[in-house]
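Given the structure is predicted, the values throughout are model-derived calculations rather than measurements.
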Amino acid sequence: MGKKIVVITGSPRKNGNSFAMTDAFVQAARTRGHTVTRFDAAMMKIGGCHACETCYKTGKACSFDDDFNTIAPAVLESDAVVFTTPVYWYSIPAQIKGVIDRLYSLVVGGKDFAGKECAMIVCCEEDDMSVMDGVRIPIERSAALMKWKVVGEVLVPGVLEAGAIARTDGCAQAAELAEKF
């Protein structure tokens, strides 16, 4: 039986390299019988966490009502979460960081969401693999805090201009990642 997988993207470029890898993953996951719900965070209205700790006091994950409140229930109902994003300035882009930070609402709200699987698909301009540490390490640490199991990662360096991913095996790696769920 397939799993419910939530994919959260962080790139604002629909023709970007991380989107191409995301598409490859989603197609492969669906082929394997998984149900995939995708949220393109950069195309949504999602602010940062206000640290007000009023999570779920209004019946929604966040008291500041924006598109995160559509993502939170999907994450709660999922078996797995996949974060896909480019690296921006050696870190997590703001477009997806707001989602990651606001997962805190699930903790404050006392929701049982431990035991999920997660993975990441990350690319960057530079050829140095350590450039992706600014994304990889915070996601790994967040997963550990939430008691999620990291089942895989696709890390592809050296891709900047749209279409550069085609010169790599990044899309094939992303498709193979679907086998780990």
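No single ILVMFWY cluster, assembled from side-chain heavy atoms under 4.5 Å apart, contains both Phe39 and Met43. One hydrophobic cluster holds both Val99 and Val107 under the rule that ILVMFWY side chains link at heavy-atom gaps under 4.5 Å. Follow the hydrophobic side-chain contacts under 4.5 Å out from Met129 and you reach Val131 in the same cluster. Ile100 and Leu76 end up in the same hydrophobic cluster when Ile, Leu, Val, Met, Phe, Trp and Tyr side chains are linked at under 4.5 Å. Cluster membership for Ile92 and Ile121, using ILVMFWY side-chain heavy atoms within less than 4.5 angstrom, is not shared.
Between Phe181 and Arg32 the shortest side-chain heavy-atom distance does not fall below 4.5 Å. Between Phe64 and Cys52, some side-chain heavy-atom pair lies under the 4.5 Å cut-off. The side-chain heavy atoms of Pro157 and Glu126, taken from C-beta on, include no pair separated by under 4.5 Å. Using a 4.5 Å heavy-atom threshold, the side chains of Val7 and Ile5 count as touching. Between Met21 and Ile165 there is a side-chain heavy-atom pair separated by less than 4.5 Å. Phe25 is not listed as a side-chain neighbour of Thr84, based on a closest heavy-atom distance of 4.5 Å or more. For the pair Tyr104 and Leu106, the minimum side-chain heavy-atom distance is 4.5 Å or more. Here the side chains of Val154 and Met120 are not in contact, with every heavy-atom distance at 4.5 Å or above.
Put simply, the side chain of Thr9 never gets that close to the backbone of Ser11: no donor and acceptor are under 3.5 Å apart. The closest donor-acceptor contact from the side chain of Trp148 to the backbone of Glu140 lies at 3.5 Å or more, if one exists at all. Between the Ser78 side chain and the Val75 main chain, a donor and an acceptor come within less than 3.5 Å of each other. Judged by distance alone, with hydrogens and angles left aside, the side-chain atoms of Arg102 form no donor-acceptor pair with the main-chain N or O of Phe68 at under 3.5 Å. At distances below 3.5 Å, at least one donor-acceptor pair connects side-chain atoms of Asp128 with backbone N or O atoms of Ser130. Between the side chain of Ser91 and the main chain of Tyr88, no donor-acceptor pair closer than 3.5 Å is present. Listed for the Asp67 side chain is a donor-acceptor partner under 3.5 Å among the backbone atoms of Lys45.
A salt bridge is defined here as a Lys NZ or Arg NE, NH1 or NH2 lying under 4.0 Å from an Asp or Glu carboxylate O, and Lys180 with Glu153 fails to meet this definition. Using a 4.0 Å cut-off between charged side-chain N and carboxylate O, Asp79 and Lys116 make no salt bridge. The pair Lys3-Glu117 meets the salt-bridge criterion, since a charged nitrogen lies less than 4.0 angstrom from a carboxylate oxygen.
Under the side-chain contact (heavy atoms from CB on, under 4.5 Å) rule, Arg38 has a single partner from Asp23, Val6, Val82, Ile8, which is Asp23.
Distance check, rounded to the nearest 0.5 Å: CD1 of Ile46 to CG of Asp66 gives 6.5 Å. Residue Cys49 holds its SG atom at 10.0 Å from CG of Leu103, rounded to the nearest 0.5 Å. Here the straight-line distance linking atom CE of Met132 with atom CD1 of Ile139 works out to 12.0 Å at 0.5 Å rounding. Considering SG of Cys55 and NE2 of His50, their distance stands at 11.0 Å, rounded to 0.5 Å.
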Hey, mind stepping through Cys118 and Val150 against side-chain contact (heavy atoms from CB on, under 4.5 Å) and telling me if it holds? CA-CA 5 Å; Cys118 75; Val150 177; 3.7 Å; yes

Where do Glu125 and Val159 land on the side-chain contact (heavy atoms from CB on, under 4.5 Å) test, with the steps shown first? CA-CA 5 Å; Glu125 170 186 356; Val159 293; over 6 Å; no

Does Arg13 form a side-chain contact (heavy atoms from CB on, under 4.5 Å) with Phe19? I'd like the steps, not just the answer. CA-CA 8 Å; Arg13 298 190 316 168; Phe19 259 51; over 6 Å; no

Before you tell me yes or no, could you show the steps for Arg136 and Leu155 under side-chain contact (heavy atoms from CB on, under 4.5 Å), namely the whole-Å CA-CA distance, both residues' side-chain angles and the distance that decides it to 0.1 Å? CA-CA 9 Å; Arg136 186 184 54 77; Leu155 306 173; 3.8 Å; yes

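The minimum heavy-atom distance between Gly158 and Asp127, with the atom names listed, is CA-OD1, 3.3 Å. Contact between Ser63 and Thr54 at its shortest, heavy atoms only, is OG-OG1, 2.6 Å. The minimum heavy-atom distance between Asn17 and Gly163, with the atom names listed, is OD1-N, 3.4 Å. Summarising the geometry of Ala29 relative to Ala178, their closest heavy-atom pair is N-CB, 3.6 Å, with the distance given to 0.1 Å. The minimum heavy-atom distance between Met44 and Asp40, with the atom names listed, is CG-O, 3.3 Å. Pairing each heavy atom of Val156 with each of Gly170, the nearest pair is CG2-CA, 3.7 Å.
Atom CD of Gln27 sits in a sparse spot, with 12 or fewer heavy atoms from other residues, nucleotides or ligands closer than 6.0 Å.
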